[in-house]
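Working notes, structure below.
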Amino acid sequence: MQNDQSRRDFLKFLGYGSLTLTQLSLLQSCSTAITQDKKFPSKMDELVLANGLSYYPLISWGDKINHKEVFGFNNDYINIDYLNEKELIMWVNHEYVNPIFVSSPERTKKNVDIEKQLVGGSLIHLKKENNKWNLVANSSYNKGVRGTTKIPFANNKSIKGSKIVEGTLANCAGGKTPWNTFLTCEENYDTFYGERDLATNKINTKRSYLNWEKFYPKNLPEHYGWVVEIDPKTAKAKKHTSMGRFAHESATCVQSKKKKTVVYTGDDKNDEHLYKFVSHSDQNLDSGILYVANIKKGQWIPLDLERSPELKKYFKTQIDVLTYPRKAAKILGATALNRPEDIEIHPHTGDIFVALTNNKKRNDFHGSILKISERNKDYTSEYFQSETYIFGGELTGFSCPDNLAFDKAGNLWITTDISGSAMNKAPYKKFGNNGLFVIMASGQSAGKPIQVASAPNDAELTGLCFDKNYQTLFLSVQHPGELSQDKNYPTSNWPTGKTPKPSVVAITGKLLTSITDA
Ligand code: FEO
Ligand code: CA
Ligand code: CA
Ligand code: CA
């Protein structure tokens with residue numbers, strides 16, 4: 001805009017013609033230039049927010065949700081289902097526990113039983129009063145789905161002889177289906193019950209630092225690592241075998257032009273893969289085809305025993321393929337990726353954005369975001385093009401992208417997950433604590449990541465979820481004080497000034513509305 005008159009004319013055109021010049025300047029500065037506060041990056045043990053944002057705590061680990069249950073530990077993925085304009089049911093994942101705070105590092109059945117009640121997820125009923133979302137105490141919607149909940153496999157499927165298994169755990173990110181149920185993804189399941197070594201057929205407990213298998217040996221590794229569907233109204237859960245078993249980070253659903261439900265899901269482990277599931281139905285995820293990505297060829301390869309003589313040499317049944325898809329993916333030439341985490345669909349272009357957080361073994365310390373465009377914008381296509389959308393690192397100011405969200409304006413919100421032990425040390429020193437960044441889709445700062453929040457010590461910000469009007473951003477503050485060796489001397493005191501507590505917060509403010517309206 002050249003001068004005030006032309007700016008006035010332009011705003012008149014937009015319907016803002018009656019505003020004063022000061023208001024015009026404010027409006028223009030909001031819509032075009034969002035600059036980063038000098039307070040970032042931060043090393044403060046606080047949820048530091050950009051000017052123009054504020055937060056209130058919504059719920060923390062240990063808060064009562066009903067007469068019998070409390071809100072679990074290490075809250076992660078968040079999604080919401082509205083009951084009416086002012087009430088909603090929120091689903092929150094509880095990924096894992098830190099025994100130092102919830103039980104004791106000593107491995108006893110009693111401690112494991114305490115821990116089982118703090119993973120899985122929580123459904124909570126929220127009501128908006130006086131412009132604030134609050135928990136509806138003892139609502140019949142408030143329910144936990146835990147490490148003890150009996151959960152059947154969808155379609156009456158049986159895995160290692162079990163049609164019903166005990167619990168869900170390692171619930172990292174997730175998704176929402178077109179029919180308004182939630183998907184919760186079982187990620188690092190091997191840290192609870194170990195993983196089967198396919199060469200020896202024995203259970204390897206090297207990564208099972210929680211050692212639940214010691215007390216519950218009937219809960220096999222194959223009972224976990226699935227995508228679990230939750231009905232928000234009833235808390236009924238089922239485990240889907242259709243999307244395979246691996247360290248599922250998220251399960252991002254979209255409906256294709258051909259009215260099929262398509263789910264994108266990544267395996268968050270060094271050199272593992274990106275998958276796509278095309279359901280036979282637009283009403284359920286019970287059956288369909290699971291594909292894995294060959295990025296170089298731009299091809300989705302079906303993990304289908306009937307179509308692959310190579311798979312027949314190794315697998316007897318399709319359910320075996322789905323139980324050990326990492327092996328099947330490698331046999332068919334899937335591309336090894338740098339830990340695919342969250343996945344989001346661009347609200348305007350329909351492109352698929354995948355956070356690749358890092359792969360230190362391959363000297364990728366800061367990660368990147370991959371953009372995938374399906375051929376003819378058809379989500380069921382077996383062909384795609386891809387490119388790196390942005391790299392993490394010093395130039396862009398963020399490192400280790402993990403959770404993503406688009407707002408209605410197409411701005412991309414990114415949270416980072418530099419691991420606690422690496423944070424504030426080389427090569428991560430200049431990034432400070434983990435943060436929340438936004439990449440504006442338009443305006444003077446378009447394309448440049450701008451930090452708008454910084455997490456307390458050792459914590460990760462996750463679970464980005466906007467309310468319907470983009471007036472509130474619900475956010476998980478996960479694992480503050482994770483590096484603590486002694487609960488009496490925690491490395492973080494957030495949010496109470498004493499014991500650190502994973503919590504969900506609600507972020508509001510003028511900056512939020514000006515970004516999401518931009
Ligand atoms: Fe639970 Fe890959 O983050
Ligand atoms: Ca994650
Ligand atoms: Ca997301
Ligand atoms: Ca991560």
Side-chain angles (χ1 to χ4, degrees), residues 72-80 91-98 119-121 168-177 182-192 207 224-225 227-228 246-254 263-275 337-347 351-360 367 369-370 392 399-408 410-420 422 434-439 455 459-467 473-479 482 502:
F73 202 74
N74 271 350
N75 42 272
D76 198 322
Y77 179 74
I78 301 170
N79 214 325
I80 51 177
W91 168 264
V92 185
N93 279 357
H94 300 295
E95 191 176 14
Y96 60 99
V97 287
N98 186 341
V119 300
T168 182
L169 42 82
N171 308 73
C172 188
K176 193 177 189 184
T177 64
F182 299 125
L183 300 177
T184 176
C185 292
E186 298 180 332
E187 192 195 27
N188 294 314
Y189 58 90
D190 53 349
T191 59
F192 296 79
R207 264 176 51 93
Y224 311 98
V227 176
V228 185
F246 45 85
H248 283 278
E249 170 78 20
S250 65
T252 304
C253 298
V254 66
V263 186
Y264 294 91
T265 178
D267 186 354
D268 181 9
K269 192 172 178 228
N270 281 339
D271 299 334
E272 289 299 334
H273 314 292
L274 176 68
Y275 296 80
L337 290 170
N338 294 352
R339 297 184 51 204
E341 298 241 32
D342 200 9
I343 302 170
E344 288 293 336
I345 313 279
H346 193 287
D351 289 332
I352 300 112
F353 287 66
V354 183
L356 301 175
T357 195
N358 62 55
N359 190 340
K360 293 173 194 171
I369 297 175
L370 178 73
S399 178
C400 306
D402 190 324
N403 278 206
L404 307 174
F406 281 105
D407 62 30
K408 62 177 192 253
N411 305 309
L412 178 59
W413 298 69
I414 305 166
T415 59
T416 59
D417 179 19
I418 301 167
S419 75
N434 278 315
L436 167 64
F437 296 77
V438 59
I439 302 179
E460 171 191 356
L461 304 175
T462 72
L464 294 159
C465 176
F466 293 101
D467 73 354
L473 172 61
F474 300 112
L475 190 69
S476 273
V477 180
Q478 195 193 38
H479 56 74
E482 181 159 68

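Indexing begins at 1, ligand by ligand and atom by atom, following the structure's order. Note that the structure is predicted; figures quoted are calculated from it, not measured.
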Practice prompt. Could you go through the side chain to side chain contact (heavy atoms under 4.5 Å, CB included) check for Thr415 and Asn434 one step at a time?
Written response: CA-CA 7 Å; Thr415 59; Asn434 278 315; over 6 Å; no

Worksheet entry | Partners meeting ring pair (Phe, Tyr, Trp, His ring centres under 6.0 Å) with Tyr96 (sequence neighbours left out) | none

Worksheet item: So, Thr168 and Glu186: side-chain donor and acceptor under 3.5 Å apart, yes or no?
Response: yes

Worksheet, complete the sentence: The residue among Phe353, Trp413, Phe466 that forms ring pair (Phe, Tyr, Trp, His ring centres under 6.0 Å) with Phe406 is Phe353

Discussion item. What I want to check is whether the side chains of Asn338 and Asn359 have a donor and an acceptor closer together than 3.5 Å.
Written reply: yes

Discussion item. Which atom name would you report as the N, O or S atom of Glu341 nearest the Ca ion (ligand 2)?
Written reply: OE1

Practice prompt. Quick one: sort the Phe246 and Tyr275 rings into parallel, tilted or perpendicular, breaks at 30° and 60°.
Written response: parallel

Discussion item. For atom 2 (Fe) of ligand 1, which protein N/O/S atoms fall under 2.8 Å? Skip waters.
Written reply: Glu187 OE2, Glu249 OE1, Asp268 OD2, Glu341 OE1

Discussion item. Can you tell me which N/O/S atom of Asp402 has the shortest distance to the Ca ion (ligand 2)?
Written reply: OD1

Worksheet item: Got a sec, which residues hit ring pair (Phe, Tyr, Trp, His ring centres under 6.0 Å) with Tyr189, two or more places apart in sequence or on another chain?
Response: none

Discussion item. Could you check whether any side-chain N or O of Thr265 sits under 3.5 Å from a backbone N or O of Ala251, counting only pairs where one atom can act as donor and the other as acceptor?
Written reply: no

Response to the item:
Here the N/O/S atom of Glu249 closest to the Ca ion (ligand 2) would be OE2

Worksheet, complete the sentence: Shell check on the Ca ion (ligand 3): protein N, O or S atoms less than 3.0 Å away are Asp342 OD2, Glu344 OE2, Leu404 O

Fill in: Positive for side chain to side chain donor-acceptor pair (under 3.5 Å) with Arg339, one of Asn270, Thr357, Asp417, Asp268
Asp268

Fill in: Heavy-atom side-chain proximity of Ile414 to Ile369 below 4.5 angstrom
yes

Response to the item:
Interatomic distance, CG@Leu436 vs CG@Leu473, rounded to 0.5 Å, equals 6.5 Å

